[in-house]
Every structure is written in structure tokens, then in C-alpha cells.
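Taking it in order: structure first as C-alpha cells, then the write-up.
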Amino acid sequence: MSREKIAEFADAIDDDSALYRDAGAAKAAGYPDVIAPPTFLTIINLAAINAIVADPELGLDYSRMVHGDQRFTHHRPVRAGDRLQLTTYIDDIFARAGNDFLNVRADIVTEDGEPVCTTHAQLVVRGQ
Amino acid sequence: MAVRVGDELPGLSVRVTRAQLVRYAGASLDFNPIHWNERFAKSVGLPDVIAHGMLTMALGGRMVSDWLGDPGRVVSYGVRFTRPVVVPDDDEGALVEFTGKIGEVRDDGTVRVDVTAKFDGKTVLGKAQAVVRL
């Protein structure tokens with residue numbers, strides 16, 4: 001996680017908080033370096049979701065899939081310099097009212113195993 | 001900060017333009033063509049290019065962290081994506097209006113903020129909730 005990518009993401013959502021750009025301001029607020037916006041980890045979470053969706057063994061029809069919901073639970077803020085590992089799990093698969101639902105979780109930890117964030121997404125594959 | 005259930009956050013109105021979608025696509029690494037290619041969006045049955053749901057979510061998060069002052073105090077944040085935000089090819093863009101209200105004050109020093117996002121008179125996020133540490 002780089003300072004540059006965090007600043008680029010903050011710019012893209014027009015968020016001018018100094019804590020995303022100024023390491024001095026972040027330190028004054030008690031952080032070792034600049035921190036990232038609450039949804040920043042989408043940059044690695046979405047790729048993990050797409051990898052699941054593209055798995056031929058699951059046989060999902062990507063053209064009929066939509067992102068139903070998304071949640072981030074932060075164990076601590078993401079900060080510049082973090083090297084993160086992401087492990088995804090399919091927590092549940094079920095059918096309801098002709099649609100298929102997948103509940104996908106990702107545990108995101110530092111290289112040393114410190115928990116940083118847990119993400120939950122529900123993917124919906126619409127019926128024919 | 002003393003807050004009570006029902007207190008409202010300062011709202012946020014954003015005009016989401018095609019230029020912002022392109023910028024967000026690059027920043028978030030989400031290059032799905034429904035967010036930038038009108039021809040493709042229409043071919044899959046959408047009325048036009050639509051905003052990334054995750055962008056709408058991020059803008060709602062910005063309203064919460066602007067109020068909080070420290071985005072590092074957002075403990076959790078989740079939304080359902082209920083309707084698309086359709087973004088026309090003009091300079092005005094799509095007006096999305098966010099409001100927030102305290103839904104619960106907890107004993108552990110956290111509060112739940114209930115977020116609403118409206119586009120074209122309709123809500124586009126469902127059950128959008130942030131838990132924050134004051």
C-alpha cells in the first residue's frame with residue numbers, strides 16, 4: 001500500500017483529508033504514516049471477487065452477475081507501507097426466488113499476520 | 001463529541017460526472033466497461049453508463065469521515081447496492097445526495113450512522129451503515 005495510491009484514491013473521491021496525504025498530520029493523529037479511506041481496500045478486494053467469478057469450476061455467468069452488497073470491517077486503519085495478504089472464502093451459496101447468491105469473505109492481514117480488515121460481499125447471479 | 005440517536009450529519013451533494021468515473025476506475029482498478037463505455041452498457045440492457053456502486057459507497061463514507069474528522073475511526077462500513085446511478089455524457093453529471101443520521105449509540109463508545117444516498121428521487125444504497133468510534 002503506497003502513499004501515492006492512497007492519495008490517488010482520495011483524489012478520485014474528492015476527499016481532501018490531510019490524513020490521506022500528509023504523514024505529519026497522520027502522525028499528529030496517532031498513526032505511523034498516512035492512512036487510507038474506509039473503502040480503499042476495494043483495490044485488492046474486487047480483484048479477489050473477480051477471480052472467484054471467473055473460476056470455470058464454479059460456472060457462474062458473469063454477464064448476469066451483480067455486486068449485491070459490500071462491507072468492510074476494519075481491525076485497524078490501512079496505512080502506507082502495509083504489505084497485505086488477502087485470503088478469500090465462499091461462506092455460503094444459495095438460491096432464492098430464481099437467483100443464485102454467493103457470500104464471499106476476505107480476510108486481509110499484514111505479512112506478519114496482523115489482522116487489518118475483513119470484507120464481506122454478496123454476489124447475485126440473476127436467473128434466466 | 002456528544003451525540004444522540006436521531007442527530008443528523010451535515011449532508012453531502014455530489015455531481016458524479018463521466019470524468020470522475022474514469023478517474024475512479026483508474027484509482028480503484030475497476031475497469032468494467034459498464035462504467036465508461038456507453039455502447040457496452042446499452043448492450044447489456046443498462047440505460048447508459050452507470051457509476052461504480054463502490055464509488056457511491058466511497059462518497060457516502062466521505063460524508064461520514066468528514067463529520068468524524070478522522071477516517072481511521074470508521075470501524076465498519078457496509079451498504080447494499082439497490083439501484084444504479086446513471087451518468088449522462090454531459091458536464092452536469094448525475095446528482096447524488098447523501099444524508100446521515102445517528103441510528104444507535106452503543107455502550108462501547110461507538111455509534112452507528114445510518115446513511116442514505118438518493119439519485120433521481122430514489123435511494124440507491126440500502127441498509128448503508130457505518131459504525132464509528134467517537
Side-chain angles (χ1 to χ4, degrees), chain A residues 4-20 25-26 28-50 53 62-79 117-124 126, chain B residues 12 14-17 19-32 34 40 43-46 50-66 68-84 113 115 125-133:
Chain A
E4 292 78 6
K5 192 68 191 172
I6 290 171
E8 180 191 1
F9 191 91
D11 284 346
I13 61 171
D14 286 326
D15 191 325
D16 60 7
S17 172
L19 300 185
Y20 300 145
Y31 302 111
D33 205 325
V34 296
I35 61 171
T39 65
F40 177 72
L41 286 178
T42 187
I43 70 165
I44 52 176
N45 189 60
L46 195 68
I49 287 176
N50 287 341
V53 170
Y62 182 71
S63 70
R64 292 209 313 278
M65 197 212 74
V66 295
H67 198 171
D69 69 27
Q70 181 67 55
R71 186 165 86 247
F72 297 87
T73 303
H74 296 283
H75 309 300
R76 69 146 168 85
V78 176
R79 56 192 183 232
C117 185
T118 305
T119 71
H120 291 86
Q122 185 169 76
L123 311 178
V124 185
R126 294 177 192 279
Chain B
L12 176 69
V14 179
R15 287 195 175 275
V16 176
T17 61
Q20 184 167 27
L21 298 189
V22 171
R23 212 161 44 134
Y24 182 80
S28 70
L29 309 177
D30 182 349
F31 298 104
N32 188 328
I34 60 173
F40 182 85
S43 79
V44 296
L46 294 167
I50 63 169
H52 306 74
M54 290 299 302
L55 170 59
T56 306
M57 179 181 187
L59 294 170
R62 186 182 122 199
M63 175 188 65
V64 174
S65 60
D66 277 353
L68 203 55
D70 179 351
R73 293 189 181 172
V74 176
V75 178
S76 70
Y77 180 36
V79 308
R80 297 191 66 79
F81 304 106
T82 55
R83 281 192 192 86
V113 180
V115 175
L125 299 179
K127 214 176 175 232
Q129 298 182 337
V131 174
V132 305
R133 210 160 23 82

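Values reported hereafter were calculated over all heavy atoms of this structure, with side chains retained and with hydrogens, waters and symmetry mates removed. If you're wondering where the values come from, they're calculated on a predicted model, not measured in any experiment. In what follows, chains are A, B, ... by sequence order, proteins preceding strands, each numbered from 1.
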Heavy-atom closest contact ([X] atom, [Y] atom, distance):
X	Y	result
L29(B)	I43(A)	CD1-O, 3.9 Å
D11(A)	R23(B)	O-NH1, 3.1 Å
L19(A)	D70(B)	CD1-OD1, 3.5 Å
I13(A)	R62(B)	O-NH1, 2.8 Å
Q70(A)	M57(B)	O-CE, 3.7 Å
R73(B)	Y31(A)	N-OH, 4.3 Å

Exercise for the section: Among the options G78(B), G45(B), G61(B), A25(B), pick out the one with the most heavy-atom pairs lying under 4.5 Å from chain A. Expected result: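 Top count of heavy-atom pairs under 4.5 Å with chain A: G78(B).
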
Problem - Toward chain A, the part of S28(B) with a non-hydrogen atom under 4.5 Å - result: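 S28(B) touches chain A through backbone and side-chain heavy atoms alike.
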
Exercise for the section: Heavy-atom distances under 4.5 Å only: say whether V44(B) touches chain A with side chain, backbone, both or neither. Expected result: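 Interface part for V44(B): neither.
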
Problem - Heavy-atom check, side chain of Y20(A) versus side chain of S65(B), under 4.5 Å - result: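 They are in side-chain contact.
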
Handout entry: Within-4.5 Å side-chain heavy-atom neighbours: L55(B) and T39(A)
Key =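 A side-chain contact is absent here, since even the closest heavy-atom pair is not under 4.5 Å.
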
Handout entry: Salt bridge flag under 4.0 Å for residues D14(A) and R15(B)
Key =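 Salt bridge flag = no for R15(B) with D14(A).
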
Problem - For H52(B), all residues meeting ring pair (Phe, Tyr, Trp, His ring centres under 6.0 Å), sequence neighbours excluded - result: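 Here the qualifying residues are Y24(B), H35(B).
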
Handout entry: Results of ring pair (Phe, Tyr, Trp, His ring centres under 6.0 Å) for H120(A) - residues two or more places apart only
Key =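 Partners of H120(A) by the ring pair (Phe, Tyr, Trp, His ring centres under 6.0 Å) criterion come out as none, since no residue qualifies.
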
Handout entry: Interatomic distance, R71(A) atom CZ to K127(B) atom NZ [nearest 0.5 angstrom]
Key =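 Atom-to-atom, R71(A):CZ and K127(B):NZ are 8.0 Å apart.
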
Problem - Pairwise distance CG(D30(B)) to CD1(I49(A)) - rounded to 0.5 angstrom - result: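 Here the interatomic distance stands at 10.0 Å.
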
Handout entry: Side chain / backbone / both / neither for P38(A) at chain B, heavy atoms under 4.5 Å
Key =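 For P38(A), side-chain heavy atoms alone lie under 4.5 Å from chain B.
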
Practice task
Select one option (side chain, backbone, both, neither) describing which atoms of S17(A) are under 4.5 Å from chain B's heavy atoms.
Solution key: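 It is the side chain, since no backbone atom gets that close.
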
Exercise for the section: Taking Q20(B) for its side chain and A12(A) for its backbone only, find out whether a donor-acceptor pair lies under 3.5 Å. Expected result: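 Side chain of Q20(B) to backbone of A12(A), a donor-acceptor pair under 3.5 Å: yes, one is there.
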
Practice task
Tell me, with the steps shown, if T73(A) and V131(B) meet side chain to side chain contact (heavy atoms under 4.5 Å, CB included).
Solution key: CA-CA 9 Å; T73(A) 303; V131(B) 174; over 6 Å; no

